[in-house]
Protein chains: 2
Amino acid sequence: MHVSEQAETGADPVPDLPGLARRATLRDVARRAGVSTAAASKVLRGAYGVSPGMRERVQEAMTALSYRPNTSARGMRGKTFTVGVVISDVQNQFYDQVLSGLTPVFGAADHKVLIAPAGTTMESELAAVEGMVDHRMDGLVLVTPLVPRAELERIAAILPVVVVARGGAAEGYDTITTDDEAGSALIVDHLVGLGHRDIAHITLGWSGDDPTLPFRARARGYEAAMRRHGLEDRIDIVTTAWSHQGGFDAAEVFLSRPGLPTAVHAGADVAALGLLSDFWARGIDVPGVVSVAGYDNSPIGMLAPISLTTVEQGAGELGMRAADLLLERMAGRTEPRSVLLAPTLVPRSTTAAPRA
Amino acid sequence: MHVSEQAETGADPVPDLPGLARRATLRDVARRAGVSTAAASKVLRGAYGVSPGMRERVQEAMTALSYRPNTSARGMRGKTFTVGVVISDVQNQFYDQVLSGLTPVFGAADHKVLIAPAGTTMESELAAVEGMVDHRMDGLVLVTPLVPRAELERIAAILPVVVVARGGAAEGYDTITTDDEAGSALIVDHLVGLGHRDIAHITLGWSGDDPTLPFRARARGYEAAMRRHGLEDRIDIVTTAWSHQGGFDAAEVFLSRPGLPTAVHAGADVAALGLLSDFWARGIDVPGVVSVAGYDNSPIGMLAPISLTTVEQGAGELGMRAADLLLERMAGRTEPRSVLLAPTLVPRSTTAAPRA
DNA sequence: CTGTTAGCGCGTTCAC
DNA sequence: GTGAACGCGCTAACAG
């Protein structure tokens with residue numbers, strides 16, 4: 001394949017340098033279009049003050065040179081047109097759904113989305129967030145952040161921030177979440193309605209005790225509902241990791257005791273599935289011997305052979321509305337918003353009336 | 001809380017500006033340490049040519065000012081210490097596993113990882129890749145890219161690239177994948193061994209026909225194995241989306257015909273699960289009436305009530321080794337590498353001998 | 001109103 | 001070890 005006359009008007013960029021190719025810069029574009037870089041910049045940003053004729057010449061030069069703006073350079077003075085999403089655990093399908101809600105909204109607003117994996121410790125999470133700030137993101141969506149609220153406020157003083165799936169009114173940033181207390185109460189009510197009294201709860205083992213953390217809220221909702229039903233002496237909370245393995249470990253805890261509870265409400269579907277895996281492996285009938293409920297309505301639980309009773313948070317809507325909130329903030333809003341959505345119960349086949 | 005003498009040595013950054021807080025720059029650090037910015041830069045990068053005493057003074061100033069390097073500025077001349085991962089579908093658990101393999105390796109090498117969602121079209125995928133280049137990533141991992149190889153070569157001429165889960169030797173970039181032809185052959189052999197002859201295959205509907213695309217390789221492996229067993233007249237390939245819905249649609253195609261095949265090999269677990277969902281909903285016994293096998297060994301398939309026969313690709317190892325390859329390339333290697341791992345069969349309960 | 005000139009921002013690099 | 005130029009898009013300030 002040889003160089004043809006295409007090379008003059010074609011998509012071939014600026015002459016390559018030894019090693020890696022050089023991309024065309026705005027100066028190249030301006031030179032080719034015979035205008036100043038300022039004018040080219042205006043066209044690039046769709047800014048005010050360029051004649052249609054000039055606009056066209058510049059745009060032509062841009063396509064001819066396959067011009068792409070250098071985000072690093074943009075980040076030095078202006079915007080990067082990129083928002084960052086920090087997610088603790090890419091494995092959890094809930095986060096995927098939030099993401100699917102977010103992405104198209106930002107795409108429609110001409111903003112790229114970049115995702116940072118936050119890991120499972122507070123240090124790694126904070127590092128991920130700081131990395132996003134280093135990259136000069138225009139705004140940040142933090143999904144279930146675990147860091148103290150003071151840290152969130154500090155970050156929010158640097159750039160617009162929306163927190164998803166962790167509630168509580170805040171000063172400098174927006175929050176959007178479903179009512180986790182109400183969600184867990186829905187489960188308890190459902191189980192009590194079926195006739196259960198020995199209902200245990202699985203929560204996430206985490207050093208921080210901030211009441212806005214979703215697993216704390218769910219545990220609170222569980223406790224309050226148990227009290228409301230006069231079952232305060234049956235309150236039984238097991239602490240574990242919020243993962244498949246964590247659910248498995250919780251099952252082992254229950255099995256090491258004299259008797260099983262008749263129902264278990266795990267604070268997350270992943271944990272419920274780990275718990276179920278252990279029960280299935282041991283041939284313990286669910287829901288015959290023990291009922292199991294989760295939280296999140298993850299796609300796995302919908303599969304017929306699993307059919308997990310759970311709570312729907314509307315992850316997609318959470319993501320969509322979070323994106324809207326962040327766009328508003330990036331557009332200048334400074335008054336904080338706190339949105340609380342209502343969860344709904346999704347009763348399926350892992351819960352039933354207890355035996356005798 | 002008032003300003004104490006801490007302010008002199010403390011973590012409080014540079015005076016805030018109206019609106020959003022300003023972060024300390026390398027100049028602030030240099031000024032505070034009483035050295036030149038060049039020296040401060042050397043300390044920051046761990047570069048050669050600084051005395052231990054100076055190094056210490058600069059590092060002190062950095063912590064005191066909570067200094068963080070501006071990645072945009074770094075991207076203008078040097079490295080960003082960030083690698084980009086482009087992933088087409090965050091919902092597919094295979095990609096999550098690749099990611100879990102990648103992240104710690106880059107973390108250990110002091111590189112941040114940023115993920116871009118590529119969407120499902122070629123345009124959106126290319127846009128995601130270009131966005132990464134715009135951000136001046138030091139290197140790129142592309143997981144199952146769908147764009148033509150010429151595009152990959154073009155990108156690889158700009159920055160180091162490793163392609164995961166799409167094979168074929170290339171000029172300018174590395175590839176690492178499992179042998180997809182062999183993988184689908186494993187499934188066919190397994191099914192034939194059970195006594196099946198009417199074995200159908202589900203592949204991804206996609207306009208591109210590049211033979212290195214994994215679903216093409218799997219279809220090829222299926223066809224070749226069918227031929228090898230003398231079943232060329234039973235070859236039956238259904239084209240659909242590679243998703244839960246896609247599997248569901250494929251089931252509808254099979255059901256609209258006079259008779260079902262006795263076994264279906266879906267090119268991906270997600271599709272197999274969609275297929276199964278339809279069969280379950282209709283009360284079609286699996287594996288009694290029809291055997292079903294997938295590809296990917298995703299966590300869902302491991303759950304006891306699902307227990308999906310599938311192929312293990314070693315997604316985690318794929319990710320780890322891809323990270324190693326990219327680090328090598330970023331360190332200067334230019335000769336391309338192409339790694340091909342061997343897949344393994346994971347026989348479970350969705351496949352069994354056909355009836356009579 | 002349209003277009004230009006002349007820095008700016010911040011970490012890196014090169015000549016001294 | 002230092003000073004100063006550099007990279008590239010953005011933006012006052014200014015000229016036509």
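Residue numbering restarts at 1 for every chain, and letters A, B, ... go by the order of the sequence lines.
- A heavy atom closer than 4.0 Å to some atom of DNA chain C occurs in A:Y48, A:G49, A:V50, A:S51, A:M54, these being the qualifying members of residues 47-54 of chain A.
- An end-to-end axis angle of 40° holds for the helix from C:dC1-D:dG16 to C:dC16-D:dG1, taken from five base pairs per end and rounded to 10°.
- Between A:R31 and A:D28 there is a salt bridge, with a side-chain nitrogen of the basic residue lying less than 4.0 Å from a carboxylate oxygen of the acidic one.
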What string of B, S and - do you get for nucleotides 10-16 of chain C 5' to 3' if you count protein non-hydrogen atoms under 4.0 Å? BBBB---
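- Looking only at distances, a side-chain donor or acceptor of A:E125 sits under 3.5 Å from a matching main-chain atom of A:V147.
- In this structure the side chain of B:L44 reaches within 4.5 angstrom of the side chain of B:Y67, judged on heavy atoms.
- In terms of the side chain to side chain contact (heavy atoms under 4.5 Å, CB included) criterion, residue partners of A:S100 (sequence neighbours excluded) are, by chain and number, B:Q91.
- Look at CZ on A:R31: it is 13 Å from P on C:dT5, rounded to the nearest Å.
- Inter-residue side-chain proximity for A:L326 and A:P160 is flagged as met; some heavy-atom pair is nearer than 4.5 Å.
- For the residue pair B:S72 / A:H135, no side-chain donor-acceptor distance below 3.5 Å is found, with atom types taken as modelled.
- Pairs passing the side-chain hydrogen bond (donor to acceptor under 3.5 Å, both in side chains) check and including a residue from residues 38-55 of chain A, sequence neighbours excluded, read A:S41-A:R45.
- Taking the side chain to side chain contact (heavy atoms under 4.5 Å, CB included) definition, one finds that A:S338 meets it with A:A169, A:T175, sequence neighbours left out.
- A salt bridge between B:E60 and B:R32 is absent, with no side-chain N of the basic residue lying under 4.0 Å from a carboxylate O of the acidic one.
- Across the protein-nucleic acid pair, B:D28 atom CG and C:dG9 atom C1' stand 12 Å apart, rounded to whole Å.
- One side chain, A:R166 or A:T212, offers a donor N or O that lies under 3.5 Å from an acceptor on the other.
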